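Inspection log for the structure reproduced underneath, given as structure tokens.
If you're wondering where the values come from, they're calculated on a predicted model, not measured in any experiment. Protein chains get the first letters and strands the later ones, always in sequence-line order, with residue 1 at the start of each.
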Protein chains: 2
Amino acid sequence: MPQKTILIVDDETPIRDMLRVALEMADYHCLEAADAQSAHSLIVDRKPDLILLDWMLPGTSGIELARRLKREEVTSQIPVIMLTAKGEEDNKVQGLEVGADDYITKPFSPRELVARLKAVLRRTDNFSDNGPITVEGLTLDPASHRITINDQPVQMGPTEYRLLEFFLTHQERVYTRSQLLDHVWGGNVYVEERTVDVHIRRLRKALQLDGHDRFVQTVRGAGYRFSLKIAASEA
Amino acid sequence: MPQKTILIVDDETPIRDMLRVALEMADYHCLEAADAQSAHSLIVDRKPDLILLDWMLPGTSGIELARRLKREEVTSQIPVIMLTAKGEEDNKVQGLEVGADDYITKPFSPRELVARLKAVLRRTDNFSDNGPITVEGLTLDPASHRITINDQPVQMGPTEYRLLEFFLTHQERVYTRSQLLDHVWGGNVYVEERTVDVHIRRLRKALQLDGHDRFVQTVRGAGYRFSLKIAASEA
DNA sequence: CTGGCTTGTAACAAAATTGTAACCTGAAGG
DNA sequence: CCTTCAGGTTACAATTTTGTTACAAGCCAG
């Protein structure tokens with residue numbers, strides 16, 4: 001699962017810091033903005049998965065920003081969690097009406113923050129629900145997370161699964177090890193490129209069942225490719 | 001698909017208004033009632049597809065009404081979503097036990113409301129008349145809340161029951177711990193994800209009787225799945 | 001109020017996965 | 001024929017993930 005990006009919008013630095021710490025601990029990637037202006041450009045630019053928006057902002061208020069976001073096509077799908085101070089409770093209803101997905105009252109525990117955030121993400125998340133992919137008797141079904149070769153179940157690790165999923169959705173094209181690390185492992189990890197070789201090997205082993213491992217092809221000096229056509233080397 | 005009819009039961013007019021606006025926007029037809037009395041006659045009379053029921057009502061409380069509905073033959077099949085104010089969270093379990101299908105804490109976002117409502121409708125639609133579900137000798141009877149394996153009664157806690165019910169109505173699909181918390185525990189709870197593991201374990205233990213625990217399968221790195229087919233790992 | 005049952009968590013055990021290094025193989029190019 | 005080097009294989013320890021057990025707190029019937 002690729003890492004989620006959260007945008008923190010708050011004008012108080014210590015609060016931002018606290019939020020960032022809590023979020024990074026829970027393995028989220030953070031962006032920060034101190035005002036509505038820069039927040040907006042960050043949103044358009046980086047497309048965060050969720051926005052943590054303080055109610056009080058200098059200049060344009062948080063609620064104003066929220067309203068604006070919900071009006072724009074590109075940004076209206078991004079869930080928003082409002083931060084409000086104690087005593088501003090009336091604003092909650094207003095905030096939610098504007099389209100915020102949840103709200104949190106300061107002060108709050110990091111745990112609560114992360115819990116709510118997860119709840120919102122899991123609700124708005126998913127629905128990239130593609131149907132099963134089948135090629136030459138090899139089937140990958142994202143819904144059940146199952147691989148079969150001619151209806152025989154195939155067992156492999158999570159990384160191999162993601163690798164195969166990527167290959168199946170990007171056939172007939174060569175990817176360098178570096179690109180594979182980006183797409184399958186997720187951008188900001190540091191692992192040796194040769195690690196890819198090992199997982200390619202593991203994937204091939206898993207697909208051996210009916211010779212289906214021949215689809216995972218090596219392109220010397222370039223990288224790997226998933227292709228139904230036979231490789232030049234065995235022609 | 002014919003338009004669904006939702007009955008809103010709440011004594012506060014502004015809340016009813018807000019709900020109606022949200023629901024009509026999502027293309028539902030609305031009925032309204034301010035007290036349990038008129039709610040009940042509307043239900044019998046108009047047969048709504050779903051009831052949004054406020055916890056707090058003058059006279060008969062919401063929960064009382066819910067209990068009453070679930071006892072009566074005609075009305076027991078209609079799904080109920082409970083509305084509770086923040087802080088009344090403890091009541092949630094009670095609400096679910098009475099037979100509510102979900103519950104939402106005020107204040108909530110219109111989007112959340114509609115999302116949950118859709119989820120509940122979808123759930124009760126597909127597996128229509130709450131008849132007993134049987135697979136491979138394993139039977140779950142919603143009416144009597146009983147589980148049997150080859151006619152042998154099986155004992156488990158309420159959470160395990162709901163978990164199994166969810167699995168039986170959503171076979172062949174992986175659910176993350178997070179999603180299970182959402183669907184089985186109800187969205188707004190905040191419990192550790194590992195808690196799911198423990199309940200999975202309890203469910204498996206209960207189903208051991210005739211090896212039926214093998215249907216509850218672990219999908220490493222993803223979550224759990226209920227499937228009659230064997231898992232790849234034991235092939 | 002008591003005793004039994006359920007529930008969420010923590011803690012520990014077991015198992016599977018992951019990244020690396022080391023070594024092996026075969027092809028390309030001289 | 002030899003060298004070089006990209007890629008193939010294997011082994012393994014660290015890390016992650018899941019299984020299992022124990023336990024304190026909450027709830028409810030009696």
Task: Contact residues, residues 192-199 of chain A to DNA chain D [heavy atom, < 4.0 Å] - done: Arg194(A), Asp197(A), Val198(A)

Open item on the list: Checking Arg177(A) now: which residues fulfil salt bridge (charged side-chain N to carboxylate O under 4.0 Å, His left out) with it, not counting sequence neighbours?
Closed with: Asp197(A)

Task: Residues in side-chain hydrogen bond (donor to acceptor under 3.5 Å, both in side chains) contact with Arg204(B), at least two apart in sequence or another chain - done: Thr218(B)

Task: First encountered from the 5' end of DNA chain D, between Tyr224(A) and Arg204(B) - done: Tyr224(A)

Task: Qualifying residues under salt bridge (charged side-chain N to carboxylate O under 4.0 Å, His left out), relative to Lys205(A), sequence neighbours excluded - done: none

Task: Gln155(A) versus Ser233(B), side-chain donor and acceptor atoms under 3.5 Å - done: no

Task: Among dG8(C), dT18(C), dT10(D), the nucleotide that comes nearest once only the side chain of Pro158(A) is considered - done: dT18(C)

Open item on the list: My understanding is that only residues two or more places apart in sequence, or in another chain, count here; which of them pass side-chain contact (heavy atoms from CB on, under 4.5 Å) with Arg146(B)?
Closed with: Ser144(B)

Protein-nucleotides 2-5 of chain C N/O pairs closer than 3.5 Å?
none

Task: Axis-to-axis angle between the two ends of the helix from dC1(C)-dG30(D) to dG30(C)-dC1(D) (five base pairs per end, rounded to 10 degrees) - done: 30°

Task: salt bridge (charged side-chain N to carboxylate O under 4.0 Å, His left out) against Arg173(A), all qualifying residues, sequence neighbours excluded - done: none

- [ ] Not counting sequence neighbours, which residues clear side-chain hydrogen bond (donor to acceptor under 3.5 Å, both in side chains) with Glu32(A)? List them please.
- [x] Arg16(A), Arg20(A)

Task: Residue pairs involving residues 131-163 of chain A (criterion ring pair (Phe, Tyr, Trp, His ring centres under 6.0 Å); sequence neighbours excluded) - done: His145(A)-Tyr161(A)

Task: Those residues that, when tested against Thr148(B), pass side-chain hydrogen bond (donor to acceptor under 3.5 Å, both in side chains) (two or more places apart) - done: none

Grab the N/O contacts between the protein and nucleotides 3-6 of chain D below 3.5 Å, and write none if there aren't any.
from	atom 1	to	atom 2	distance (Å)
dA6(D)	N3	Arg220(A)	NH2	3.3

